[in-house]
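Below is one structure, written out as structure tokens; the observations come after it.
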Amino acid sequence: MAYNSDTFQSLISHAKEYGYIFQSSEIYDGLAAVYDYGQNGAQLKKNIRDAWWKSMTQLNDNIVGIDASIFMHPTTWKASGHVDSFSDPMIDNKDSKKRYRVDHLIEAFAENLSAEEGAALIHQMEQLLAADDLKGIKQLIDDNKIKCSVSGTANWTDVRQFNLMFSTELGSVADEASTIYLRPETAQGIFVNFLNVQKTGRMKIPFGIAQTGKAFRNEIVARQFIFRMREFEQMEMQYFIRPGSQKEWYDFWKAERLRWHKDVMGFPVGRLQFHDHVKLAHYADAAVDVEFHFPFGWKELEGIHSRTDYDLSRHQEFSKKKLQYFDTEINQNYVPYVIETSVGLDRLVLATLSNAYAEEKWQKEDGSEDSRVVLKIPANLAPTKLAVLPLTKKDGLPEIARDIVNNCKGSFQCFYEEKDSIGKRYRRMDAIGTPFAVTVDHQTKEDGTVTIRYRDSMQQERIAMQEVKAKIMDAILA
RNA sequence: GCGGAAGUAGCUCAACUGGUAGAGCGAUAGCCUUCCAAGCUAUAGGUUGCGGGUUCGAUUCUCGUCUUCCGCUCCA
């Protein structure tokens with residue numbers, strides 16, 4: 001499969017040129033790892049988000065959607081483990097220029113000590129880490145004469161904190177302001193609302209809560225276009241289940257999400273695969289990624305995690321509120337277990353563009369070569385569904401074309417264009433991925449038929465003007 | 001974060017060893033009564049990423065900075 005970096009560069013250029021994705025603040029030289037969606041990108045992204053939302057909340061009568069705030073009480077992130085687990089102190093060796101996580105560095109050193117000494121050192125380190133005593137940790141490294149394995153020296157920088165989370169201040173008066181975080185994941189907004197939704201929606205286990213929204217992470221290395229951004233959008237669904245049934249529901253959602261990527265997103269089977277996690281995060285007892293074959297390799301698109309009762313238990317502990325469910329079937333109270341599906345919306349956009357982008361060449365009838373660049377975005381996701389083109393801008397053809405647009409635009413996105421030759425207009429529509437184009441010609445005035453032209457095959461056929469709307473509706477709902 | 005490469009019009013690129021920037025495509029307006037780009041005319045668009053230095057003069061040399069890409073590392 002020829003997914004190379006040249007194609008990826010072309011895709012990035014194409015995305016910019018046709019109003020899909022721009023670099024953020026471009027006129028000021030941009031901001032690293034932040035991107036904006038243009039007129040077509042925003043519509044594509046919205047269509048994907050809507051498709052996900054529908055498949056979760058509309059097609060499952062036991063899944064509801066919420067929209068929690070980006071700002072949350074600071075304790076949320078202590079309970080979730082993000083404050084402690086995702087702010088790793090780092091240290092650089094000045095000679096080798098190598099960077100280490102201090103816990104990894106010290107643990108590696110401890111392995112070479114006697115079991116007793118090693119354990120004592122680890123214990124010391126953990127106490128210092130828990131107390132956020134960065135100077136103390138540096139002292140510990142110095143005292144033990146821990147060396148860099150590359151340079152063999154102990155010429156270290158100070159220990160520095162690298163935070164995953166962005167912080168800001170809540171409160172308009174500086175003195176009284178308190179530090180809060182921009183959420184690094186949307187999931188916690190669901191967990192803290194577990195009881196609210198369960199009670200007010202009279203939800204019975206198993207049930208799910210879905211949410212889409214922005215999340216923010218201070219990535220150390222942010223690369224590969226919109227694949228890893230500092231500000232990104234997640235679509236998450238937390239499925240609350242009876243303890244002990246996690247294996248069954250984990251398998252269920254694993255299969256269901258793969259099916260969705262094939263059927264709704266239209267990704268070919270050959271570009272999707274599962275990747276099981278060997279090393280599990282602190283909250284999970286099983287985890288798998290759905291990976292997509294991007295132009296730069298196999299990368300995570302979606303994560304499916306069996307999160308146990310970790311999150312709800314932790315919030316129960318920190319909030320001192322009972323986050324439990326009374327199961328009438330078995331007559332028991334329990335903290336529900338959770339299966340999480342978490343997909344990156346921006347990654348879905350990138351996957352869609354990667355899969356849709358094609359440079360095609362063929363021989364014309366007279367033997368000369370013809371070519372086009374086309375985005376074969378599935379019709380249900382394409383930003384614009386229909387282009388309406390009068391063959392000429394005279395003889396009343398534009399008026400008829402306008403009528404068709406007016407008839408259709410309440411139901412889906414249309415685009416009217418009368419400039420340039422018909423072939424050029426078809427090419428432009430191919431470039432932004434519009435799946436259908438109808439052309440109004442002189443025959444239209446006589447018998448009320450138009451030509452409909454299909455983007456992927458470039459085939460065309462004549463249909464009655466009145467059938468256009470229904471035909472497009474059929475295609476985008478299929 | 002480290003190492004390497006790059007940054008000239010919306011896009012792709014050009015400008016001899018430093019002499020104050022051009023083309024094609026695209027865009028806009030019009031012509032051609034045209035069913036698959038690349039027919040004609042006209043117009044617009046760049047303080048050569050940004051800042052400093054060397055020089056009479058910098059797109060060209062140099063330093064810094066920002067951004068992007070590739071590799072490594074890190075992270076999930």
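Lettering of chains follows the sequences in order, A, B, ..., and the numbering in each one begins at 1.
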Which atoms of nucleotides 27-29 of chain B (N or O only) lie under 3.5 Å from a protein N or O atom, and what are those distances?
| unit_1 | atom_1 | unit_2 | atom_2 | d |
| --- | --- | --- | --- | --- |
| B:A27 | OP1 | A:Arg428 | NH1 | 2.4 |

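In summary, the side chains of A:Gln211 and A:Glu236 do not present any donor paired with an acceptor at a separation below 3.5 Å, with no hydrogens or angles considered. In this structure, a donor-acceptor pair under 3.5 Å is present between the side chains of A:Gln188 and A:His315.
Distance noted for atom C1' between B:G4 and B:U8: 22 Å (whole Å). Taking atom C1' in both B:U17 and B:U60, the straight-line distance is 10 Å, to the nearest Å. Nucleotides B:U12 and B:G53 are separated by 32 Å at their P atoms, to the nearest Å. B:U43 and B:G22 are spaced 16 Å apart, taking the P atom of each and rounding to whole Å. Rounded to whole Å, the P atom of B:G45 lies 11 Å from the corresponding atom of B:G10. Taking the P atom of each, B:C16 and B:A38 are spaced 34 Å apart, rounded to whole Å. Nucleotides B:G49 and B:G7 have their C1' atoms positioned 6 Å apart, rounded to a whole Å. Nucleotides B:C66 and B:A29 place their P atoms 41 Å apart, quoted to the nearest Å.
Across all strands shown, B:C40 is found opposite B:G30 as a Watson-Crick or G-U wobble partner, with both distances under 3.5 Å. With a 3.5 Å ceiling on both atom-pair distances, the Watson-Crick or G-U wobble partner of B:A5 is B:U68.
Geometrically, A:Lys385 does not engage A:Phe436 in a cation-pi contact, judged by NZ or CZ lying under 6.0 Å from the ring centre and within 45° of the ring axis. Judged by a 6.0 Å distance limit and a 45° cone about the ring axis, A:Arg307 is not positioned over the six-membered ring of A:Tyr337. A cation-pi contact, defined as under 6.0 Å to the ring centre and within 45° of the axis, links A:Arg257 to A:Trp260.
Two residues, A:Val34 and A:Gln459, neighbour RNA chain B, and the one matched to the more 5' nucleotide by heavy-atom proximity is A:Gln459. Take the nearest nucleotide of RNA chain B for A:Arg462 and for A:Ile12: the residue whose nucleotide is more 5' is A:Arg462.
Listed nucleotides: B:A38, B:U33, B:U67. Nearest to the side chain of A:Gln23: B:U67. Out of B:C35, B:G10, B:U68, the shortest distance to the side chain of A:Asp441 is found at B:C35. The A:Leu391 side chain lies nearest to B:C35 when the options are B:C35, B:C36, B:C11. For A:Lys394, counting side-chain heavy atoms from C-beta on, the closest listed nucleotide (B:C36, B:C35, B:C32) is B:C32. Proximity note for A:Lys16 (side chain, C-beta onward) versus B:C75, B:C11, B:U33: the nearest is B:C11. The A:Asp289 side chain lies nearest to B:A76 when the options are B:C36, B:U34, B:A76.
In the interface, the side chain of A:Ser371 is paired with the base of B:A37 through a donor and an acceptor atom under 3.5 Å apart. Within 3.5 Å, a donor on the side chain of A:Gln460 pairs with an acceptor on the base of B:C35, or the reverse. Between the side chain of A:Thr451 and the base of B:C35, a donor-acceptor pair under 3.5 Å is found. Taking 3.5 Å as the limit, the base of B:C36 and the side chain of A:Arg453 contain a donor-acceptor pair of atoms between them.
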* For side-chain hydrogen bond (donor to acceptor under 3.5 Å, both in side chains), just list the numbers for A:Tyr37 and A:Asp346, CA-CA rounded to whole Å, side-chain angles, deciding distance to a tenth of an Å, and then say yes or no. => CA-CA 10 Å; A:Tyr37 288 90; A:Asp346 308 278; 2.7 Å; yes
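No contact: A:Tyr454 has no heavy atom under 4.0 Å from any strand. Heavy atoms of A:Thr439 sit under 4.0 angstrom from at least one base atom. Contact annotation for A:Asp430: no contact, since no heavy-atom pair falls under 4.0 Å across all strands.
Residue A:Ser13 places at least one side-chain N or O closer than 4.0 Å to OP1 or OP2 of B:U12.
One can place CE of A:Met429 at 15 Å from C1' of B:C35, the figure rounded to the nearest angstrom. Atom-to-atom, OH of A:Tyr426 to P of B:C36 comes out at 8 Å; the value is rounded to the nearest Å. Taking atom CD of A:Glu17 as the reference point, atom P of B:C25 lies 14 Å away to the nearest angstrom. Rounded to an integer number of Å, the gap from CD of A:Gln39 to P of B:G10 is 16 Å. Note: CD (A:Gln9) to P (B:C13) measures 11 Å, nearest angstrom.
A:Phe232 pairs by the ring-ring contact (aromatic ring centres under 6.0 Å, His included) definition with nothing, not counting sequence neighbours.
Ring centroids of A:Phe296 and A:Phe8 are separated by less than 6.0 Å, placing the two rings close together.
Between A:Trp253 and A:Tyr239, the two ring planes are perpendicular [angle over 60°; tilted spans 30° to 60°].
Here the options are A:Ile452, A:Val450, A:Thr451, the test is side-chain contact (heavy atoms from CB on, under 4.5 Å), and the partner is A:Glu461; only A:Ile452 passes.
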